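What follows is a single structure, and I will ask about it in a moment.
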Amino acid sequence: MSEEKSLNFIEEIIEEDLKTGKHQSILTRFPPEPNGYLHIGHAKSICLNFGLGIKYNGKTNLRFDDTNPVTEDTEYVDSIKEDIQWLGFNWANEFYASDYFEQLYGFAVKLIEKGLAYVDDSTSEEIAKQKGTPTQPGTRNQYSERTVEENLQLFADMRAGKYKDGEKVLRAKIDMTSPNMHMRDPIIYRIKHAHHHRTGDKWCIYPMYDFAHGQSDSIEKITHSICTLEFIPHRPLYEWCIEQLEIFPSRQYEFARLNLNYTVMSKRKLLQLVNEKHVSGWDDPRMPTISGLRRRGYTPESIRDFAERVGVAKRDNLIEFSLLEFCVREHLNKVALRRMVVFNPIKLIITNYPEGQTELLNSENNPEDVNGGTRELPFSREIFIEADDFMENPPKKYFRLAPGQMVRLKSAYIIKCDEVLKDDAGNITAIHCSYIPESKSGSDTSGISVKGTLHWVNASTAVEVEVREYDRLFQVENPASEEGDFKDYINPNSLTVVKGYAEPSISTATLTDRFQFLRKGYYCLDKDSTADTLIFNRTVTLKDAWAKEVKKG
RNA sequence: UGGCCUAUAGUAUAAUGGUAGUACGACAGAUUUUGGUUCUGUUUGUCUUGGUUCGAAUCCAGGUAGGCCAACCA
């Protein structure tokens with residue numbers, strides 16, 4: 001018996017539509033404009049649309065909303081497709097709004113013939129002025145009185161390239177007094193002598209989003225057209241077009257877009273961060289883009305889980321980043337290979353371990369995975385431990401290394417701290433310890449139990465690596481709602497590059513591996529790595545109860 | 001001051017007129033060869049005022065608060 005999970009409001013609508021027979025099956029779509037990279041907010045929409053298709057045995061199309069040639073590019077098309085596939089979804093069809101340009105042109109002609117559209121010669125300023133305001137109705141101009149024949153000819157001339165950009169537009173003739181501004185004779189076609197990434201120079205007039213989007217849904221027979229809240233006032237216009245054109249009645253449903261704290265979620269702002277070099281690119285690991293999260297080490301599973309957990313509703317939200325972090329930790333804990341890396345080394349000499357001797361110890365790759373296997377770790381007289389893991393005068397409840405105290409070296413031996421070596425300035429240069437030979441991991445007969453276990457690396461075989469540690473990109477929860485320029489709130493310390501000393505097995509790391517550096521966090525290899533230098537991105541730290549304890553004082 | 005959308009713990013999200021629940025976070029404890037994981041427990045909530053009803057988070061009305069709409073962008 002599986003537990004019944006409650007439905008979100010869109011699922012309720014779909015189940016009702018299926019039950020009543022309004023639809024036999026469902027068809028959804030994800031409709032990005034190829035003018036930027038996808039971000040985690042799009043991931044929510046992708047998971048919703050494709051997830052619905054899967055859940056209800058329907059299908060989902062990918063349709064590029066490419067009606068504005070000046071901002072769109074195939075680079076974006078490619079990245080969008082890659083991101084959706086990486087998230088684990090397959091589209092039934094790959095479509096483009098530009099596939100429908102001829103049909104959309106026909107729709108416009110039909111409106112003209114019905115006396116429901118006219119060519120307007122006004123400037124954009126004049127049109128804006130005539131539109132009125134939300135509290136004052138708009139007014140029609142003399143162009144709205146043109147005859148059907150005249151409009152037909154003028155529109156054909158627009159298509160034929162007889163006019164320059166901005167000289168004329170085609171407007172739907174609806175209601176200049178509507179309280180809904182979108183119904184005040186909206187522009188449905190404009191002239192743009194621009195090269196389109198797919199149709200080339202075939203067209204010099206392009207449909208507006210409002211005239212392309214709803215009809216594209218209709219052409220594809222999308223049953224449930226899901227979009228974000230800001231498109232609610234557009235819906236009456238889509239429905240007007242569907243009714244006047246007598247085409248398939250797709251129905252639009254709107255949900256609240258995802259907002260994440262300490263970042264921004266608009267393509268315009270993300271583009272600015274890229275263009276002004278505040279980040280290294282769209283896939284900078286600090287970016288909330290899907291490509292950035294991927295490079296950072298997030299997994300598709302964790303992002304899908306996140307999308308599931310944030311839910312779908314109609315109220316504005318600001319999700320805490322800690323939920324995303326929880327999701328990725330939960331997945332990575334199950335799959336990441338454990339490795340030991342010391343970041344801030346201090347030398348530890350095991351005085352009773354024979355000089356020149358090295359032994360190989362075994363350590364599990366992942367304690368959460370019984371089939372994960374083991375790896376070998378060299379161990380000898382001189383090792384490095386984390387400087388943080390030693391204190392000369394430890395506070396209470398500190399169960400790491402301190403003079404006279406014992407700890408276990410992970411997968412190795414229990415050691416006892418005998419002596420602290422210092423230079424003339426009083427800085428600690430090394431720690432002398434003795435080890436307990438009977439305490440070897442896996443065959444411990446010493447009977448000693450210790451509270452602390454430390455990670456370590458063998459000094460002579462340690463591999464030096466570069467590690468990039470990331471912090472939140474912005475210093476405030478919601479940069480978009482702050483006074484002034486959102487870029488004033490960028491966190492200057494969002495990237496810290498440090499050195500690490502890793503166990504030798506790290507040298508076989510590949511781009512698809514996921515690691516947990518013991519007691520530190522989750523990491524993955526970065527594509528900037530070279531044959532000489534391995535570079536790792538810190539995906540997320542481990543939870544750190546001791547750091548909290550210290551903070552409390 | 002026109003229209004539309006929304007309002008449940010710190011953050012999200014359920015409860016579909018009948019015991020306000022879940023997750024994340026926070027806090028406390030147990031376990032632990034990762035101060036990780038796992039497990040247990042605690043904490044905090046129906047925007048407001050009326051109305052309908054045996055009974056309202058839910059339905060109705062008025063308020064309040066937040067969001068969206070006046071691009072030849074999507």
Side-chain angles (χ1 to χ4, degrees), chain A residues 5-8 12 31-33 35 65-68 70-72 120 122-124 127-129 131-138 165-171 178-184 187-192 205-206 208-210 212-213 227-236 254 256 261 267-268 309-327 329-330 333-334 338 340 363-364 367-368 397-400 407-412 414 439 441-442 444 449-455 516-521 541-550:
Chain A
K5 201 182 168 289
S6 62
L7 305 175
N8 65 50
E12 283 180 1
E33 185 193 12
N35 69 345
D65 247 320
D66 54 351
T67 55
N68 185 2
V70 301
T71 58
E72 294 154 9
D120 193 331
S122 308
T123 65
S124 59
I127 289 175
K129 211 172 170 189
K131 247 193 178 161
T133 68
T135 52
Q136 288 174 311
D165 288 9
E167 255 183 71
K168 287 181 163 49
V169 292
L170 183 70
R171 289 227 252 170
S178 171
N180 181 345
M181 300 298 287
H182 296 271
M183 300 299 272
R184 321 247 267 226
I187 295 170
I188 57 177
Y189 261 92
R190 79 291 216 188
I191 300 168
K192 271 182 196 283
I205 58 171
Y206 293 93
M208 295 289 290
Y209 169 85
D210 276 335
H213 192 83
C227 67
T228 47
L229 256 26
E230 66 269 28
F231 293 101
I232 290 175
H234 299 238
R235 197 198 319 137
E254 308 87 4
N261 64 5
K267 277 199 262 183
R268 207 195 92 249
R309 286 170 186 270
V310 297
V312 177
K314 296 188 77 161
R315 85 182 87 136
D316 293 317
N317 58 74
L318 185 61
I319 308 287
E320 291 178 347
F321 207 88
S322 61
L323 181 62
L324 223 203
E325 292 188 329
F326 167 82
C327 293
R329 284 193 187 108
E330 186 172 66
N333 177 50
K334 292 192 195 103
R338 270 56 172 179
M340 291 201 279
S363 188
E364 70 275 15
E368 306 292 318
K397 290 203 280 181
Y398 183 84
F399 37 87
R400 303 178 185 183
V407 293
R408 173 172 291 282
L409 296 174
K410 172 69 182 174
S411 296
I414 292 174
S439 68
S441 198
D444 184 351
S449 74
V450 292
K451 215 52 165 113
T453 300
L454 307 186
H455 64 282
Q516 182 196 103
F517 292 170
L518 238 60
R519 304 209 295 141
K520 285 294 176 182
T541 62
L542 248 32
K543 280 211 251 174
D544 191 346
W546 175 243
K548 261 185 200 172
E549 190 70 31
V550 170

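Lettering follows sequence order; numbering is per chain, from 1. Remember, predicted model here, so these are calculated numbers, not experimental data.
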Any N or O donor-acceptor pair under 3.5 Å from the base of B:G25 to the side chain of A:Glu325? no
Using a heavy-atom cut-off of 4.0 Å across all strands, would you classify A:Lys397 as base, sugar-phosphate, or nothing? base
Determine the interatomic distance between P on B:U11 and the same-named atom on B:G45; round to the nearest Å. 13 Å
Give A:Leu409 one of three labels, base, sugar-phosphate or nothing, depending on what nucleic acid heavy atoms sit under 4.0 Å from its own. nothing
What would the secondary structure line of RNA chain B be in dot-bracket form, counting Watson-Crick and G-U wobble pairs under 3.5 Å, with [ ] for pairs that cross earlier ones and | for pairs with another strand? .((((((..((((....[..)))).(((((.......)))))....(((((..]....))))))))))).....
Does any non-hydrogen side-chain atom of A:Trp546 lie less than 4.5 Å from one of A:Arg400? yes
Identify whether any heavy atom of A:Thr541 sits under 4.0 Å from a base atom; if not, whether one sits that close to sugar-phosphate; answer base, sugar-phosphate or nothing. nothing
Do A:Arg315 side-chain and B:U6 base share a donor-acceptor contact under 3.5 Å? no
Pick base, sugar-phosphate or nothing for A:Gly521, based on heavy-atom distances below 4.0 Å to the nucleic acid. nothing
Going by side chain to side chain donor-acceptor pair (under 3.5 Å), name the residues that satisfy it together with A:Glu364, two or more places apart in sequence or in a different chain. A:Lys410
Across the strands shown, which category fits A:Arg268 at heavy-atom distances under 4.0 angstrom: base, sugar-phosphate, nothing? nothing
Give me the distance, rounded to whole Å, that separates B:G21 from B:A14 when you measure between the C1' atoms they each carry. 7 Å
Tell me what A:Arg329 touches on the nucleic acid: a base, only sugar-phosphate, or nothing, going by heavy atoms under 4.0 Å. nothing
Please test A:Ser178 against A:Asn180 for side chain to side chain donor-acceptor pair (under 3.5 Å), starting from the C-alpha separation and ending with a verdict. CA-CA 5 Å; A:Ser178 171; A:Asn180 181 345; 5.4 Å; no
The single option from A:Thr71, A:Asn68, A:Thr67 passing side chain to side chain donor-acceptor pair (under 3.5 Å) against A:Glu33: A:Thr71
Quick one: does A:Arg309 reach the base of B:U13 with a side-chain donor-acceptor pair under 3.5 Å? no
